[in-house]
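Worth knowing before you read on, the calculation uses all heavy atoms, side chains too, and leaves out hydrogens, waters and symmetry mates.
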Amino acid sequence: MSKEFSRAQRVAQQLQKELASILQRDVRDSRIGMVTISDVEVSRDLAYAKVFVTFLCVGEQTPESSLAALKEHEVAVRMTLGKRIRLRLTPEVRFTYDNTLTEGMRMSNLVSEVVSKDNQRKKEAGREDEGEE
């Protein structure tokens, strides 16, 4: 009988919780702003953790500058993580910007734009009732 979740998935979930707590409470850097951890991928040997983050940027902050500031704290975050989680080897943390949210919003805007143009063309052609059921 197969397991419902692999060990790597369970470790990834726990890492996500602990990293969110660490970034919220322990990392004090105004360049980072608000960080959200959207996903964590852990290698099969649990040596590496790829942490996908998004930022709520305010003012002059950009995702690139916030990510660069966050990468400066990778070693300190790993040390704190090692104290909080009991693993034989603390995974090497690598932060990566997750652009799926911005891509999803861009795609949604494109679809909305096409739908509105289509409705406008229907009105201009006098076929307002077509396609509505």
Side-chain angles (χ1 to χ4, degrees):
M1 184 169 186
S2 66
K3 294 181 182 179
E4 199 169 312
F5 293 105
S6 69
R7 181 161 194 253
Q9 288 174 325
R10 292 191 310 267
V11 169
Q13 284 179 337
Q14 187 63 33
L15 286 176
Q16 185 172 359
K17 289 177 188 175
E18 293 297 331
L19 285 169
S21 175
I22 290 169
L23 292 177
Q24 183 180 18
R25 295 189 180 115
D26 298 337
V27 176
R28 300 279 183 216
D29 193 339
S30 61
R31 298 175 296 162
I32 296 173
M34 268 190 73
V35 179
T36 303
I37 299 176
S38 55
D39 193 23
V40 176
E41 291 179 358
V42 179
S43 62
R44 289 179 59 104
D45 62 354
L46 306 179
Y48 299 96
K50 193 173 188 179
V51 181
F52 294 93
V53 294
T54 58
F55 300 99
L56 178 62
C57 297
V58 180
E60 300 170 358
Q61 292 177 337
T62 63
E64 293 81 17
S65 65
S66 297
L67 183 62
L70 191 58
K71 284 187 177 196
E72 291 177 13
H73 295 281
E74 283 179 346
V75 174
V77 167
R78 182 180 183 193
M79 288 174 55
T80 307
L81 188 63
K83 294 174 185 174
R84 291 190 182 190
I85 284 189
R86 299 211 19 109
L87 290 172
R88 188 178 318 141
L89 176 69
T90 303
E92 183 179 321
V93 178
R94 295 181 181 164
F95 293 106
T96 305
Y97 180 65
D98 186 10
N99 64 350
T100 55
L101 182 63
T102 55
E103 279 297 307
M105 288 173 44
R106 186 182 73 81
M107 295 296 282
S108 178
N109 289 339
L110 287 174
V111 169
S112 297
E113 185 180 315
V114 169
V115 168
S116 67
K117 284 183 181 179
D118 191 39
N119 288 336
Q120 186 176 0
R121 287 185 186 142
K122 283 181 183 178
K123 286 181 183 179
E124 290 172 359
R127 300 180 293 175
E128 298 170 10
D129 297 333
E130 281 186 25
E132 295 178 10
E133 297 175 14

Q. Looking at residues at least two apart in the chain, or sitting in another chain, which of them share a side chain to side chain contact (heavy atoms under 4.5 Å, CB included) with Ser43?
A. Asp45, Ala47, Tyr48
Q: Would you kindly say whether Gln14 and Glu18 are connected by a side-chain donor-acceptor distance under 3.5 Å?
A: yes
Q) Closest approach of Arg28 and Arg25, non-hydrogen atoms and distance? A) NH2-O, 3.2 Å
(Q) I'd like to know if Tyr97 and Val51 are part of one continuous hydrophobic network [Ile/Leu/Val/Met/Phe/Trp/Tyr, side-chain heavy atoms within less than 4.5 Å]. (A) yes
Q: Give the intermediate values and the outcome of side-chain contact (heavy atoms from CB on, under 4.5 Å) for residues Leu15 and Val42.
A: CA-CA 9 Å; Leu15 286 176; Val42 179; 3.7 Å; yes
Q) Quick one: does Val53's side chain get under 4.5 Å of Thr96's, heavy atoms only? A) no
**Q.** Residues forming a salt bridge (charged side-chain N to carboxylate O under 4.0 Å, His left out) with Glu64, sequence neighbours excluded
**A.** none
(Q) Do Leu87 and Leu19 sit in one hydrophobic cluster, given that two such residues count as connected whenever their side-chain heavy atoms are within less than 4.5 Å of each other, even indirectly? (A) yes
Q.
Closer than 4.0 angstrom, basic N to acidic O: yes or no for Lys122 and Glu124?
A. no
Which donor-acceptor pairs under 3.5 Å do the side chains of residues 76-86 make with protein atoms, sequence neighbours left out?
{"from": "Arg78", "atom 1": "NE", "to": "Thr90", "atom 2": "O", "distance (Å)": "3.2"}
{"from": "Arg78", "atom 1": "NE", "to": "Pro91", "atom 2": "O", "distance (Å)": "3.3"}
{"from": "Arg78", "atom 1": "NH2", "to": "Thr90", "atom 2": "O", "distance (Å)": "2.7"}
{"from": "Thr80", "atom 1": "OG1", "to": "Ala76", "atom 2": "O", "distance (Å)": "2.9"}
{"from": "Arg84", "atom 1": "NH1", "to": "Ser21", "atom 2": "OG", "distance (Å)": "3.0"}
{"from": "Arg84", "atom 1": "NH2", "to": "Asp26", "atom 2": "OD2", "distance (Å)": "2.9"}

**Q.** Leu46 vs Arg88 side-chain heavy atoms within contact, under 4.5 Å
**A.** no
Q) Can you tell me if Ser108 uses its side chain to pair, donor with acceptor, with the backbone of Gly104 under 3.5 Å? A) no
Q. How many angstroms lie between atom NZ of Lys50 and atom CG of Asp98, to the nearest 0.5 angstrom?
A. 10.5 Å
Q: Evaluate the criterion side-chain contact (heavy atoms from CB on, under 4.5 Å) for residue pair Ile37 and Leu23; output intermediate values, then yes/no.
A: CA-CA 9 Å; Ile37 299 176; Leu23 292 177; 3.9 Å; yes
Q | For Lys117, salt bridge (charged side-chain N to carboxylate O under 4.0 Å, His left out) partners two or more places apart | A | Glu113
Q) Are Glu41 and Phe52 side-chain neighbours, meaning at least one heavy-atom pair lies under 4.5 Å? A) yes
Q) How far does CD1 of Ile32 sit from NE2 of His73, to the nearest 0.5 angstrom? A) 4.5 Å
Q. Salt bridge (charged side-chain N to carboxylate O under 4.0 Å, His left out) with Glu74: which residues, sequence neighbours excluded?
A. none
Q | With Thr62 via side-chain hydrogen bond (donor to acceptor under 3.5 Å, both in side chains) - residues at least two apart | A | Ser65
